[in-house]
Each structure stands twice: as structure tokens, then as C-alpha cells.
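Below is one structure, written out as C-alpha cells; the observations come after it.
Computed from a prediction, not measured in an experiment: that's the story for all the values here.
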Amino acid sequence: MGTEPRRISGPQLVAALSASQVFTLFTYVPSRQSAPGQVTLLAIPLSAAACCLLAAPLLRMRRTCGPDLLAECGRLGRPFAGAAALLLGLFCLLQAAGGCAHFAFFMTSSVYQTASRWLFICVLLAVGGYAASLGAEAVFRAGSLLFAFLLAVVVLMLAALLPELHLRQLYNPLAQGWEPLARSTVRSAAQNAELVLLALLLPRCGPGRDGWRLAGLLGVTALFYELFTFATLTVLGDYARLRLFPLHTLATVAEASVLGRMDLLHIVLWSAVGFLRVTLYLYGAAVCLRRLAGRLPLGAAVAVCALGAGACALAIPRGVWDAGSPAALVALALLVAGLPLAVLVKKRLSERREGP
Amino acid sequence: MRRLWGVLLAVLALSGCIPTVSLNDRAMIRAVAVDLLEDGRYQVTLQVNEAADGSSENGGPEQTALTETGRDLTELLSRASVSRGKQMFLGSARLILVGERLAREDLLPALRFFNATQQVAPTIAVAVVQGEAGELIHAGEEAGQFSADGVLDVLHKAQEAGYAPASRMLDFFAQEQSQGGAPQLAVLELERHEPPPEAAQPDQRGGAGRTADKLRVAGSGLFRAGRMEAVLTPAQTRGLQWLGLDGRMEATPLSVELPPGGLAAANAYLQRATVRAGEAGGLPEFSIRLQVRAAVLELPEDLGPGWEEQVAALQERAVRREVEEALAATAGQGWDPCELYQLARQQAPGCYWGHQEDWGEQLARARFRVEVDCQVIHTGGAARRDQ
């Protein structure tokens, strides 16, 4: 098994993480309590801007201290480094578990109603674990290809939906006040869990252009979210509230003359994006575990993480994972902004102590 | 070794550890008719295509009708599956027909079943049948024009002419879920006639023969809380389609009576429809501007110069009257099948927000200003009358 971290390019990182982020969008379940689509359309760019602010300490840390978040945490002492690696690893492990659980929920509710949940969890973890054990270079190369596939499907689907668009569904997003907008912005921001992977994996890309990479990830993700939200709102309207997976319904409504209904294409996309997400988070969790466990080979670290993720996935009730909860935002803020801030503060304090 | 593991995993994932159903063990449901019996039970009639076992005359799939009665649709479909010895597959279903009694009592529980069934596409057509819906499926056994495809053709042609609304499950539920909209479904009527003896025979292709029976679109039903409470005539349905909010109307026949006598018959096209919402004295006000182009195909011989302006003015009056009558029958009674509330919410928010709950009452007091601009266009085959 490959153990040496290899270099990946910035566009590869942005493409793979953006494709992985789309998985969260696929799992979106609307309800009467959720903010109207018009509000979400405005909340998406606001949440992207909020995430830019959240990641600002990370970028500053990379510029002024060092490129690797885990290595920089090591300078704050072994307990702090261990706690940071543990928290980051646990976050990745839970995201992988959540991805597995939701994938299994989708497959057993929309495709194979009679199949067992654990079967999909095991297969996805085995395949994702194997891919993660091949190392970052292979994972991100596959991620870029998946991103291109995702892009093609999205363009095809949106083109097929054009005759169904009803723009009169749109109205002033502030018509019901600021509260739904604030709530929706918090939810959208909390869904940017890939920022943690960005923090962990930016060192694989080499120095420079961090700002562009962050802007690329948040921009591409926001664009996907905007397009899908716009299509769901203007095509399905209030019908979306009745569906467990509105984007799957959207794909069913989209009909291209040659391909017919696009829900099969959507299921393939679901599986591919689910695979990528689980692979990326297993890799991220394995990177953290190797910081904790010293010379553990990458393959063994991934296997341990896959077992942990499998156990967590089976424990998630009904397989439903709320990626936009306030707790997720707190965890994101702690890991993406809190840890780099601690490193920056420590550096400032030691500079003061050493004097000019 | 690593590649070997990869191949094994791929084989495990792709070969299908999940049981599959072969085509021969599946009955493809093309159309479902749901009726409510007097004792409160459902009667479901399925138009089913089964893979041919070579016994059918044309070698194609066999089309049969299957009827079951029971308390709930889940049980009914399961019973149909057992009685046929095949798995009932709803993924190919294209049409849901609903009996009039069910539509008037409560359609929602039955339609929710189809919405919850993952195999059924949300774009599936739904229509109310006057009398019993199952009768239409049985008529499809006798005559090919009443198969699911035949009924859908009738429905689509009626939509293109403006006499039927977009009658899909997706649109029904979207309006049912909204605060203000009134779900609308096409109403079909099967007219029974004695067939001429030679026409009732099965045709050469082995399919069902043609009968003298006729299927026609009898208008559209308006629903409130799942119950069909009003039926619009085809003319009233077209009156709403002139607003262009549905976008399905293509060419529609438009005949006007000329003052000297005789008819001017044309194919009319809605070129542009603009509906603007505003507010006047706290009430919604809608201004509707329609641009209609009409290709006159039949005219009396003795018309002089200026006939086009004369015909266009009569057509304008006819379209305006149709729109106003349709609005009086719907908006005037608090119904909003055209989802005018969306325009009000977008363009005159002051008169919508705060009135979502009583939007019907608000709409009943709304003002409508209808302007129609009609122009006669020439077809390549018609000589100019003023030369």
C-alpha cells in the first residue's frame, strides 16, 4: 500500500471536494419547517461568504506559520496535537459514516426497498476503503473524473427541465422577514463540511493560491446548490415538500428525447458521489489516525477507520443524517477556524515573549 | 493482489446480490382505474401488458384488464399480483383514471398511494372519468383507441386545443400543497354507441378492434381538500388556457358569426399572454393582455375589403368573453386554478401576504382587465380576398 503522500493539483482538490459536497445537497429533505426555496437562493451566497470568513484564520496560518494544520498543532504541545488529530479524525469518521448511512437509506427507500441497509454500508465502505488506501493521488484523480461526469449530468438535466420551469414561483426572499434568511444561511453554512477536508489536504497541493482554492470550492459548490435549488423551486414548487428526495424527483421529471427519464442517471450519480465522499473522508480520517498512531501503514489506518465508520453508520437511526444542524456548524467552526486561531495566537504570544 | 481484490469487490458490487425479477415474471401496468364503490371499498381495474409467451396473435405483449376490489390499494395490488402470478410493476404506468364518485368523495388517499409508490413517475397523467373509470379500461380491451396510449393521445390533443388542463399528478399535488391554488384535472366522458358489425372485429395487427364508442374531454374538475366540487365546461377550461400560464395550448379552433350571416372559422394561436398583478384599494387587480393570431380557413364568399379587421374585432370579442366567463366561474367563486396567487405574491405582495389563508375571498373580490389583440394571418393556400 502506498504510504508516501503525493502531490495533487489545486483544480483536482477543488473538483473532488466540490463533487463530494454535492452529496449533502442530494440528501436534502424539505419540510414545512424548512425555509422556502426563494430564501435559500439568497442564503447560499451568504453562507459561502460566511464560510470564507470562517476559513480566513486557516489561510493566514498557512501563510505565516506553516502549511500543515496537524503539524502546526504539534507545535502547541503533544496533548493539543493529539486532541486536534482526534477531533479532526472523528469529524471525518462521522462524515464517512453519515455518507454511508444516507446512501444506504436512499438505496433502500428509492431503489431496492427489500434490500438490507447493512449490505450497502458494507459494499460502499469496502470499495471506498480500497480507493482511499490507494492514496491521495488516485483518489483525487478519480474525483476529478467524477466532477466532469457530474457537470455533464447537471447540464443535461437542467436542459431537459427547461420546458418545465415556472418563474412565477419566485418572489422577494425577504417577504417573510429576516429570520428565515438567517436560519437558512446558518443551515447552508453548516453543510460545508468539506472545509475540514480542505484544511487537512491543502498541504498535499503545495504552497500558494490558497485563496483561489477556497474561493473555487465555495464558488463551485454554491453554483451547484443555486442551480439545483432554482430547478427544484421552479419545476416542483410546493410538490417538493411531499418527496423524500426532491432531486431524485427532479431527475424523474427531466426527460430528454433520447435518454427518456433521467432518474437512472441520477442513481448512478448518487452512487458515484457517495463513493467519492466516503473515500475522501476515510482518507481524511486515516491521515489523522496516522498522526495519532505513528507508523501505521495507510491501508491499515483506512481499514480501522472503515470499521469505525461502519459501526457508526449502522448506529445512525433510520440512516438519516442532518448535515445542516447548528451542532455541525459549531464543529465546523471549531475545526476550521478554532484550531488555526489557536496556532496563530500561540505564535503571536511566542513572538511577543521573544521580543523584537 | 491489490488489483485482484479490486476486481472481486467490483464483481460483488455489480453482479447483484439483490434478487432480480425477470421480465416474464412482471406484469407491466399501463393504466390504473380507481373507483369507489357504494360500500366504501375501492375497485381497481388495471390495464396490464405481459411479456408474450408466443400465444398472442401478433407476438407482442398481451394486453389484459384485471379488476380487484378491496379496502386499500396496497392490498388490491398485492391481490392482483397473486391472482396473476406476476409482480405488478407500476414503473411503466402512464395514466391514472379516477371514477367520478371517488373524485367527489375524496381523491387524496388514493392519489397519495401512487405518490408514495416510488415506481410511479410524478408526471403521470391523472384524469377523472364520468361514471366508472374501470369501464374505460374494459373498453380498451375491446378497442385499441381506449388503451392507455389512446386515452393519452386524446388528452394531449385536448390540451393542445386548450380544452383540458395539465392533468398530471405533479401539478395536482403542487397546487394541493400550495396556499391558494386549486388543483384541476381533466374530466373524460365515454360515450357508448352500438358498433357497426364489421368495425367491432379485431383488426389485422391482432390488437383490439375499433368501436363506435367515443371518448371526449368533458372539461376540467376543480378540487378543494381532495374533493371535486366544480366542473368547468371545455369552453371555460379554454378561457383559462388563454392566460397562457399553463403553456400547453397550441392551435385552437375559433369561429365567429359574421353580421351579414355566415361563419369565419380559424385556427387561433396564442402568440403572447401577459398577466400583471397589481393592487387597487387593498384588493388584487389583474391586467391581462393577449395577442392572438388566427389563420382563417373558412369564410363566406361575398366579403368585401376590410373583412380582416371585421373578423379580428369579432374574434377579440369572442376571446375576451371566453376569458371573462372562465374567470367569473373560477376566480369569481374563490377558485384559483391558474395560480394567480403566485403573480400576486411576486408583483403585488401587499395584497397577498396576510391573506394567504383567505386568498379565495380576496380573489373573489379582485378586478380583472382583459385586453385582446387579434390579427388575421394568411396561410399559403388562401388567396387574398381584397384583390
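- Only the backbone of A/Ser109 comes within contact range of chain B, with at least one heavy atom under 4.5 Å from a heavy atom of that chain.
- Shown here for A/Arg168 and B/Gln346, the closest heavy-atom pair between the two residues is CA-NE2, 3.5 Å.
- Against chain A, the residues from residues 113-125 of chain B that qualify, each with a non-hydrogen atom under 4.5 angstrom away, are B/Asn115, B/Gln118, B/Gln119, B/Ala121, B/Pro122, B/Thr123 in number order.
- Heavy-atom distances place the backbone of A/Leu167, and not its side chain, under 4.5 Å from chain B.
- A/Gln176 places a side-chain heavy atom less than 4.5 Å from the side chain of B/Trp353.
- The number of heavy atoms from other shown groups lying within 6.0 Å of CZ (A/Arg141) does not exceed 12.
- Between B/Leu245 and A/His166 the shortest heavy-atom distance is O-CE1, 4.3 Å.
- For the atom pair OH (A/Tyr239) and CZ (B/Phe172), the distance works out to 11.5 Å, reported to the nearest 0.5 Å.
- Only the side chain of B/Tyr341 comes within less than 4.5 Å of a heavy atom of chain A; its backbone N, CA, C and O stay farther away.
- Atom CZ in B/Arg345 sits 11.5 Å away from atom CG in A/Asn172 (nearest 0.5 Å).
- The neighbour count for B/Arg276 CZ, taken as heavy atoms of other residues, nucleotides or ligands under 6.0 Å away, does not exceed 12.
- At a 4.5 Å heavy-atom cutoff, the contact between B/Arg168 and chain A is made by side-chain atoms alone.
- Both the backbone and the side chain of A/Leu236 have a heavy atom closer than 4.5 Å to some heavy atom of chain B.
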